Amino acid sequence: MKPISIKNNQSIPRSSIPEFSYEAFFALNTGLVAEKPEIHCVNYFGIPETDGIQLICCMADDLEQVILISSCKIQPDRILPSFSAKLFCFEKFEREIHENFGVKYSDHPWLKPVRYPIDRADQTQQIANYPFYSIDSEELHEVGVGPIHAGVIEPGHFRFICNGEQILHLEIQLGYQHRGIEKLMVQNRELSRLVTLAESIAGDTVIGHTTAFAQIWESLCGFKTTREIDFSRTMALELERIAIHTGDLSALCTDIAYQLGSSVFGRLRTPIINFMQEWGGNRLSKGFIRPGQNRFRFTPELAARLREVLDAFTPDFLEMNKELFSLPSALSRFERTGVVSTEDASAIGAVGMAARTSGVPRDIRTTHPHSLYPELRHEIKVKRHGDVYSRVQMRKNEVIQSIGYLKSMAANLPTEEPIPTLSAPGEGLFALSLVEGWRGEICHCAVTGSKGELVHYKVKDPSFHNWLALALAVRNNEISDFPICNKSFNLSYCGHDL
Amino acid sequence: MFSNLKIWYHQGKQFIPDVRSSKVPGIFRGRPVISLEKVDEEALVNCCPTRAISIAPVAIDLGKCTFCGECAFAFPEKIRFTTDYKLSTNVRERLVVTEGQDHPIEMDKTLIPVEFTSLFGNSLKLRQVSAGGDNSCEWELNAANNVQFDMGRFGIEFVASPRHADGIVITGPITANMAEPLQICYDAVPDPKMVVLAGTDAISGGIFAGSPALDRSFLNNHRVDLYMAGNPVHPLTVINGMLAVTGRAEE
Ligand code: SF4
């Protein structure tokens, strides 16, 4: 028996997913990762059933551009050997399955709470009593930060174990932002509510997550997008990338106390998000993407306006970067700080920009392209050093790359065409959508019931993988370098906590 | 040094001189205006994802509205969004916009505690607490302090410690997991202090209203001094709201 192989944004009957015994399921999925470095796990989750739990594992093969889906039915009282004991990239997924359904693992190395969801299997687990790792020693001390941090940012708790100024270990405890999104996706029926929920998964990745939702919904409905729809989504994804990367460059400058860079990058973000407001009425693109619709046409006037915005943006952006990258005081803070090795990045299943800076070439725009990406022929940019410097450079390079895409797209506007009507989702389907948001790989999975209603919805933000990359990056660094390490990743709390 | 000056020169003038009357670019969805046109009211109510629209008379509660624009798309003759970004008030009911009316949303000045104007009139320091916020309102609160919006010119700033703050600004629908940290933070702020709700999620729970993962009991026990509507709240909404709550709406 083999797993079923699907394309990005493809729907299949749920019953067509082959079901394996746990032993075969284990051998299959751990084998796939071990066999081929181009295969990684994009989602692995459980669906509660009356007669047990159905585990569904989704492995993306980046070479063949397919996703391999397999399943397994288990009883929650059975104690299972964990995938994680063999391959660490399954670590978070298994913790989540354990937390949600009480599934027990005999040899999971780190079976700790993930986000304290409201319907967790073990209600005695309380967020105030997280079981932090600790080391008994006279020399070491612990530093706790959060959940509320110094800046205007989201909450999460960081617990450092330090030897003097040096970080030995960092444990990141999340869950404060849990709003119950996945449950609400199943409890709500109206499309307008579902899409508003998708928009709120992470408010800094509105386009990324809403595109994933829209693609899944359209796939379930058998809807074929028009070129105009694809055009708008691709354009908006790249604009979102430019805006956030630029904002993050500003934040990085703030954290090394470089006022000029902080102000200039900060103000450069404004024309980009203001352009989104001119196009769609909202600076952070809320209300922009709707399944089966192209709400805001990209008119020739907007194309001219965008060219104007980019022409003003580009020289100032490049000039500021040139200055930043020739400033010894900035470079000495960035270089060799917060290193994630290639081995670590691939072992933990890191994705997106963070993976690419550590030499792992993962980018959905190339490997599982959707919308207009097949035409753009996106070339994956990779760096090897995996330090803060690489992540700063990666942001700059990706902004420049995205500007190129926007310009070529704006020179070739799609013609207006009628949009087919969106029907209702089909019954008993499974669908999966992958989108490369600015942080990295976003994966949504949906399952419909006998009336075409959503019976399960699974969201995976790239931060789900990458928080661990941050924890590894800061080891052996000075604790005073934590802020720049953190900003160089800029991970999502709400996208993780859901 | 020379290159720094060049960069500085290339920025030109970035700051917005008058944040009280400046125009926002494009088709920003700010305060809606509802006409007296007759439409299918049931369909109108049902098109709204957060049930922000009520009938007899037709009204939109901006404390629940996600500013998605759905109603204006479906009923353009009935609902139109203006670019008015002054969406802050200290009276919850004033966030309700009723058909046939087109007047600005304002504070009830008689309800502003006298300490807010006397003590915070020239310097207001705030501690921000994200309690399930999706990082969009947080971005906009940060943007209010960038070189363009420059809220700092009015002495209004976000500070790291609640001990240095004159109040808290809450974003997000208030998750159960953040309920306790929020209370601890509030308790650490010295009196007199204000509570500000930024964005639709904070004001009503937004799309998350009714989710069992929330715990909004904090709001039952504390007076709210300022509601700032928006999804996310626009930096100009923030600045004008802060000026209004310290008695500086028209200077
Ligand atoms: S814009 Fe506001 S009132 Fe109109 S449909 Fe959206 S949420 Fe409802």
Side-chain angles (χ1 to χ4, degrees), chain A residues 115-119 127-128 147-155 175-181 183-184 190 192-193 195-197 199-204 206 247 250 260 263-264 266-267 269-270 274-275 277-284 286-287 295 315-316 319-320 322-323 492-494 497, chain B residues 3-4 6-8 10-11 14 24-29 46-50 66-70 73 81 127-143 146-148 158 160-162 172-173 175-178 180-181 185 201 206-208 211-214 231-232 234:
Chain A
R115 63 172 75 86
Y116 296 88
I118 198 75
D119 51 350
I127 197 158
I148 302 175
H149 300 170
V152 182
I153 55 168
E154 298 177 70
Y176 294 96
Q177 297 285 71
H178 174 67
R179 298 151 293 169
I181 286 197
K183 268 276 143 58
L184 294 172
E190 288 155 69
S192 66
R193 287 185 65 83
V195 72
T196 307
L197 281 166
E199 256 177 10
S200 312
I201 292 169
D204 52 25
V206 173
S250 164
L260 186 70
S263 305
V264 172
R267 77 100 183 145
R269 188 181 67 111
T270 307
N274 277 353
F275 179 76
Q277 179 180 289
E278 287 180 49
W279 184 10
N282 189 292
R283 301 204 329 151
L284 279 94
K286 297 219 171 167
R295 270 193 161 185
D316 288 348
E319 182 184 41
M320 193 60 245
K322 189 162 169 246
E323 183 66 15
S492 177
Y493 300 77
C494 54
D497 293 346
Chain B
S3 56
N4 274 330
K6 228 167 68 189
I7 292 174
W8 180 70
H10 286 161
Q11 305 312 309
Q14 285 296 329
V24 291
I27 50 165
F28 174 67
R29 285 187 291 279
N46 288 336
C47 83
C48 175
T50 49
T66 62
F67 295 83
C68 69
E70 193 73 48
F73 273 103
F81 279 86
R127 176 59 251 192
Q128 202 273 318
V129 182
S130 170
D134 69 2
N135 206 22
S136 57
C137 281
E138 291 78 356
W139 267 99
E140 290 298 54
L141 290 174
N142 275 319
N146 73 11
V147 290
Q148 283 129 338
F158 293 103
S161 169
T175 56
N177 289 349
M178 267 310 279
E180 192 188 355
C185 180
D201 286 353
I207 191 72
F208 301 106
S211 167
L214 304 186
N231 178 40
H234 194 281

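Every value quoted in this text rests on a predicted model; they were computed, and no experiment measured them. Each chain gets a letter, A, B and so on, in the order the sequences are listed, and its residues count up from 1.
Heavy-atom pairs under 4.5 Å with chain A were tallied for B:Thr66, B:Leu141, B:Asp134; the largest tally goes to B:Asp134. Put simply, of B:Gln14, B:Glu138, B:Lys6, B:His234, the one with the most heavy-atom pairs under 4.5 Å next to chain A is B:Gln14. Counting heavy-atom pairs closer than 4.5 Å to chain A, the top-ranked of the candidates B:Val129, B:Asn231, B:Val24 is B:Asn231.
In this structure, A:Thr196 OG1 and B:Glu70 CD are separated by 8.0 Å, a value rounded to the nearest 0.5 Å. We find the OG-OH distance between B:Ser130 and A:Tyr176 to be 13.0 Å, quoted to the nearest 0.5 Å.
Between the side chains of B:Ser3 and A:Glu323, at least one donor N or O sits under 3.5 Å from an acceptor N or O.
Judged by distance alone, the side chain of B:Asn177 and the main-chain N or O of A:Gly175 form a donor-acceptor pair under 3.5 Å. Between the A:Arg193 side chain and the B:Pro49 main chain, a donor and an acceptor come within less than 3.5 Å of each other. In terms of modelled atom types and a separation under 3.5 Å, the side chain of B:Ser211 and the main chain of A:Arg179 share a donor-acceptor contact.
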Quick one: do A:Gln177 and B:Asn135 satisfy side-chain contact (heavy atoms from CB on, under 4.5 Å)? Show the steps, please. CA-CA 10 Å; A:Gln177 297 285 71; B:Asn135 206 22; over 6 Å; no
side-chain contact (heavy atoms from CB on, under 4.5 Å), that's the test. Do A:Ile127 and B:Glu180 meet it? Break it down for me. CA-CA 10 Å; A:Ile127 197 158; B:Glu180 192 188 355; over 6 Å; no
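A 4.5 Å side-chain heavy-atom check between A:Val152 and B:Trp139 finds every atom pair outside the cut-off. Between A:Leu197 and B:Phe208 the shortest side-chain heavy-atom distance falls below 4.5 Å.
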